[in-house]
Amino acid sequence: MSLETYKPGSYPNLPPPAGTVGVYGWLKNNLFSSVSNSLLTILSVILLYYLIDSIIGWFFFDAVFDADSKIECRKINDGACWAVITRRVGQFVYGFYPEAERWRIDLTFYTMFFAFAPLLYPDLPKRKWLLWFSGIYPIFAFVLINGGFFGLPKIEYSLFGGFMLTVILGVSGIVCSLPIGILLALGRQSKLTVVRTLSVCFIEFMRGVPLITLLFVASSMLNYFMPPGTNFSILVRVIIMFTFFSAAYIAEVIRGGIQAIPKGQYEAADALGLNYWQTTRFITLPQALKISIPGIVNTFIGLYKDTTLVVVIGLLDPLGIGRAALADTKWNGLSTETYLFVALFFFISCFAMSRYSLWLENKLNTENK
Amino acid sequence: MVINKNTSSKPVIEIKEMHKWFGTFHVLKNISLGVNQGERIVICGPSGSGKSTLIRCINRLEVHQRGDIIVNDVELTGDLKNLEAIRSDVGMVFQSFNLFPHLTVLENCTLAPIWVKGLPKKDANELAMELLTRVKIPEQALKFPGQLSGGQQQRVAIARSLCMQPKIMLFDEPTSALDPEMIKEVLDTMIELAETGMTMLVVTHEMGFAKKVADSVIFMDEGEIIEQNDPKNFFNNPKNDRTKLFLSQILNH
């Protein structure tokens, strides 16, 4: 329906018709495309208003942030009683780690970001120097948290607890399981029968057993190897079990990625004279890992949340601390507040991982850059 | 344009009574072929005739079961040392390009020279840029393969092989996956390469290319070399009936 006539080959690029793009176009297409859609939109807005109004009221405006007990809370206002958290926040974060030594945990936690930054962001300036720090960080963290060196008092593992325990278990499990998972995935694809069989057995065993069983093994086997009464390396044993368990899952995720690489890639690498390890390092893994990012992060998030299972072998993760708080007669019955708080902590950590994985996927996408 | 034939009589590839099976399927039968330094050979034949398998045996992407293949005086065996020597002397270009999608064009070209030949990065970059200029796409060096057209990707693949400074180049249907308008740019690149005196084995259906460039044309069918002749005789008076049939099928449309 064009009003003007153009010579063939000279038709200009016209802007799209009004109201099909931009904010107005989006609203029209998505929220008000038909009568029923418009009605649903209005209904949802009203519903959301009432929901959010009462929820926010309970969370913030009617909530009590400091009081001595639940009964006092109720006297002040009828919203959430966050006092159970604020009064015990130290326990939620550090477990029973001695108060005078808690700076060690803080320092370890904040320096962790410097250790991870160069690994997570490849374009970071001065990355090489930070990588050195990443390399020594595990020792640094162990010395600080565990103590026993340089005049730092040694802290028993049985005092560890709360979010600190979650982060220690989760981060160590994640960091150790990725390289082991990669090796297992390569092993499973190996041409060497022995390597392949061992990898398959390990992966299938670890995937075929419930994590709780492994944790019980970790805690009870200790009794056979250690003198009675010691609680020496329960944490290390639990970390090993977490690592093996998620390494098996990661191996399978990465195997999927490896198998998605076209055969032509290996042929090209072979034809250029690259050997197995060169091909693995430069061709196979970069592509396989990129494909597997969503699956790997999925496994990591699962592992991170599974750390709460340690409560069954008597370690005080945030849920354990929460239960202890609820057992206190002063705070009896505040389970909603307690569990919401723990949930919020897990949500923030896991959401951050999820966002990072999206960002990384985008960055590594070389198709439509 | 006729390219001057500067072949010498020294054979760089010698295949003697070579057989290959895929499982129980006899895919190559009693292949004997000598290729001299600087010689350009075009291999054609219907699909499934074993022509790709034949050139893939030459850099041992496929393993032959009987007979001998000698490349540059090195016999192809299971020995890894021999394999390395041969693969750095023999370049290969594939139908589906097989560029590494996660590396830039430049990195595609420098990866093998740096890690296989131990070239310093700076020299490898210079060499790669020189060869990318030769295939006429130096301006694409920092892009990723996925951003290039098929013809450009195939030219990068040629440059990538040339970066290893091979003595022999194998081409496995290099233009079969390309849109018609891009076939010419790749063929032109190959013709220029032929002019430098490179020993080339080309599996292709581009008979124009064969007529212009080849020193000899081989026709294969059902795993056998049916006929080998210089292009003039091959196209004007083929001897074998199957060759005649094949030529009539691909030339008359």
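Within every chain, numbering begins at 1; the chains are lettered A, B, ... in the order of the sequence lines, protein sequences first and strands thereafter. Below, each value reflects all heavy atoms present in this structure, side chains not excepted, and no hydrogens, waters or symmetry copies.
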> Got a second to check how far B:S96's OG is from A:K263's NZ, nearest 0.5 Å?
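Interatomic distance, B:S96 OG to A:K263 NZ, rounded to 0.5 Å: 10.0 Å.
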> Determine the minimum heavy-atom distance between A:A268 and B:N98, stating which atoms define it.
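So the two residues come closest at CB-O, 3.5 Å.
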> Among B:M92, B:E84, B:R160, B:M164, which residue has the highest count of heavy-atom pairs closer than 4.5 Å to chain A?
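Sorted descending by pairs with chain A, the first entry is B:R160.
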> Is atom CZ of A:F114 surrounded by more than 12 heavy atoms (other residues, nucleotides or ligands) closer than 6.0 Å?
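At most 12 heavy atoms, drawn from other residues, nucleotides or ligands, come within 6.0 Å of this atom.
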> Which bit of B:L83 comes within less than 4.5 Å of chain A, counting heavy atoms only: side chain, backbone, both or neither?
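For B:L83, no heavy atom lies under 4.5 Å from chain A.
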> Nearest 0.5 angstrom please: A:L272 CG to B:K117 NZ, how far?
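Between A:L272 CG and B:K117 NZ, I get 11.0 Å after rounding to 0.5 Å.
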> About how many Å separate CG of A:L289 and NE2 of B:H102, when rounded to the nearest 0.5 Å?
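That separation rounds to 10.5 Å.
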> Could you tell me whether A:Y24 atom OH has more than 12 heavy atoms of other residues or ligands within 6.0 Å of it?
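For A:Y24, atom OH is not crowded (no more than 12 foreign heavy atoms under 6.0 Å).
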> Where is the tightest heavy-atom contact between A:G273 and B:R87, given as atom of each residue plus distance?
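That would be CA-CB, 4.0 Å.
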> To the closest 0.5 Å, what do you measure between CZ (A:F282) and CD1 (B:I114)?
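Here the rounded value is 8.5 Å.
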> Quick check for you: among B:N59, B:L111, B:L170, which has the greatest number of heavy-atom pairs under 4.5 Å with chain A?
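Sorted descending by pairs with chain A, the first entry is B:L111.
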> OH of A:Y276: more than 12 outside heavy atoms within 6.0 angstrom?
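Enclosed: over 12 neighbouring heavy atoms sit under 6.0 Å from OH of A:Y276.
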> Report the C-alpha distance between B:R56 and A:E267 in whole Å, list the side-chain angles of each, state the deciding distance to 0.1 Å, and finish with yes or no for side chain to side chain contact (heavy atoms under 4.5 Å, CB included).
CA-CA 10 Å; B:R56 288 159 63 90; A:E267 289 178 352; 2.7 Å; yes
> I need the residue from A:I261, A:N275, A:L274, A:D270 with the largest number of non-hydrogen atom pairs under 4.5 Å to chain B.
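Maximum pair count with chain B is reached by A:D270.
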> Side chain, backbone, both or neither: which part of A:Q265 has a heavy atom under 4.5 Å from chain B?
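Both parts, heavy atoms under 4.5 Å.
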> Which bit of B:V93 is near chain A, if near means a heavy-atom gap under 4.5 Å: side chain, backbone, both or neither?
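Neither part.
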> About how many Å separate CD of A:Q287 and CZ of B:F100, when rounded to the nearest 0.5 Å?
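So the gap between those two atoms works out to 8.0 Å.
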